[in-house]
Number of protein chains: 2
Amino acid sequence: MEAAAKPRQAAKGRGRRGTRASGDDRERAILETAEQLLEERPLSEISVDDLAKGAGISRPTFYFYFPSKDAVVLTIIDRLVAAAAGSRAEALTTLAQGDPQAGLRRALEDLYGAFRARRAVTLAAAELRMTNPEARDLWAEVMEGWVTDTTAVIEAERARGAAPPGEPARDVAIALVQMNERVQYASFAGESPALDQDRVLDVLVEIWLRAIYGAGAPS
Amino acid sequence: MEAAAKPRQAAKGRGRRGTRASGDDRERAILETAEQLLEERPLSEISVDDLAKGAGISRPTFYFYFPSKDAVVLTIIDRLVAAAAGSRAEALTTLAQGDPQAGLRRALEDLYGAFRARRAVTLAAAELRMTNPEARDLWAEVMEGWVTDTTAVIEAERARGAAPPGEPARDVAIALVQMNERVQYASFAGESPALDQDRVLDVLVEIWLRAIYGAGAPS
DNA sequence: GAACTCTATCAACACTGTGTCGAGTCCGTC
DNA sequence: GACGGACTCGACACAGTGTTGATAGAGTTC
């Protein structure tokens, strides 16, 4: 009886737990504090107490608004993801009509821009993904979206004869999308072997174009 | 004088802190326990107590052998890195003489094999890299090694006219190496959009060859 | 305007995990 | 047989998480 008695389920149900009222300010204050602190240091070095203090409340009161630190960050990531989804929809439109190569570049540019604009959140997402299943799932969804789109583009280009055949389109898409993720992350995080922020796009675009349009290699 | 009196430096100086004696067994037991537990669950869900228990000692005794949990994992990663360095040296030899394209495939194969053989450690390394500077540096060194080698190959192939010009060789090398890392990680971790373990190599090799040897794309 | 309810708040607590200290035991050697 | 170093662990101090229960205040509702 003892063990099952506790309905422990931290990080379930992202937002406030009760109904809605005036304390919206507090909730916003917590989110803003989190974003601001993430600008300064990694997620692992931010405690619930830091968030509470930043929002001008006590630690227990924090738990009135969010079930955990992770939930706060997840909420923030949700927004980033929503913004990125917007970029993706837009990019798709550009791609559908007109020159696919130029469209591809536009798409990669938008995506890169969306994440660079919220660098700190992007890095926190990567960190959270390591330990939090919800973050992992959310990110997986995002990746899946891009992979699906990219697969469609590759298949279309192959079908119309603009791109040569090769490994399955979806497999290539997965590798390219993951390359972008990693390269962008390394660049944002200032890792040691990493591309300069303003070189990222040129390099990624060249590899994408060659991977999709370039024939094998007749030495 | 006081401050310097304590040679306290958690996670600094990987192995035992004292001299060497019989307790080598314990040290080995801790390392083996760690490897074994990493096979079952992520690093974040393994405590110092788990390691101590697994090695048949108490928690304080653990600290006689290692300054922290991280230090244990770092030691394990060191070994993986050493093995990978071996693969790299071998791959270089293959590359230097004979067909570079076949050599490239061999190199990627060896690398992939080295990490797949120690999947759990590879995943732990990625996890630790998020929070531990030492792990970050160690990994950075490894990456730098591959980037340097790859850069040399690309430049050589361009010089001898086998590969067309393009973005700076080092930039391309960074992107490709990071792609490999991310694709392999996703595959090992069983992420949702990820390549099947036995598709990884074919896909990576195709993209490498096209990125290096494939011309742009004259639609 | 007293009783009722619902939001919001926090002190105090229980728990988990880390790292340290000090008091040992055991063992070889001088 | 006592000294010193390798080795061990109980007990502690600390940091962080999440919960409980008591309470204050701001509207209703009758």
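Order of the sequence lines fixes the chain letters, A, B, ..., with proteins taken first and strands second; residue numbering starts at 1 for each chain. Computed from heavy atoms alone, side chains included, the values below leave out hydrogens, waters and symmetry copies.
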With distance as the sole test, does [X] use its side chain to make a donor-acceptor pair with the main-chain N or O of [Y] at under 3.5 Å?
X: B/Glu127; Y: B/Ser44; result: yes
X: B/Lys53; Y: B/Ser58; result: no
X: A/Asp196; Y: A/Arg199; result: no
X: B/Ser187; Y: B/Val183; result: no
X: B/Glu167; Y: A/Val203; result: no

Please pick, from [options], the nucleotide with the shortest atom-to-atom distance to any side-chain atom of [X].
X: A/Tyr65; options: C/dT9, D/dT17, D/dT8; answer: C/dT9
X: A/Phe64; options: C/dT18, C/dT7, D/dG18; answer: C/dT7
X: A/Arg26; options: C/dT9, C/dA12, D/dG18; answer: C/dT9
X: A/Pro60; options: D/dC9, C/dA12, D/dG18; answer: C/dA12

Quick one: [X] [atom1] to [N] [atom2], roughly how many Å, whole number?
X: B/Asp70; N: C/dG19; atom1: CG; atom2: P; answer: 8 Å
X: A/Glu45; N: C/dT18; atom1: CD; atom2: P; answer: 17 Å
X: B/Tyr63; N: D/dG10; atom1: OH; atom2: C1'; answer: 15 Å
X: A/Leu51; N: D/dG18; atom1: CG; atom2: C1'; answer: 14 Å
X: A/Lys53; N: D/dT17; atom1: NZ; atom2: P; answer: 11 Å
X: A/Ile57; N: C/dA11; atom1: CD1; atom2: C1'; answer: 15 Å
X: A/Phe62; N: C/dA8; atom1: CZ; atom2: C1'; answer: 15 Å
X: A/Ile46; N: D/dA15; atom1: CD1; atom2: P; answer: 18 Å

Can you tell me if the side-chain N/O atoms of B/Thr61 get under 4.0 Å from OP1 or OP2 in D/dC9? yes

Phosphate OP1/OP2 of D/dA11: any B/Arg59 side-chain N/O under 4.0 Å: no

Hey, does A/Ser58 reach any base, or is it just sugar-phosphate, or nothing, if we go heavy atoms under 4.0 Å? base

Assuming nearest nucleotide by heavy-atom distance, tell me which of B/Gly56 and A/Asp49 is located more 5' along DNA chain D. B/Gly56

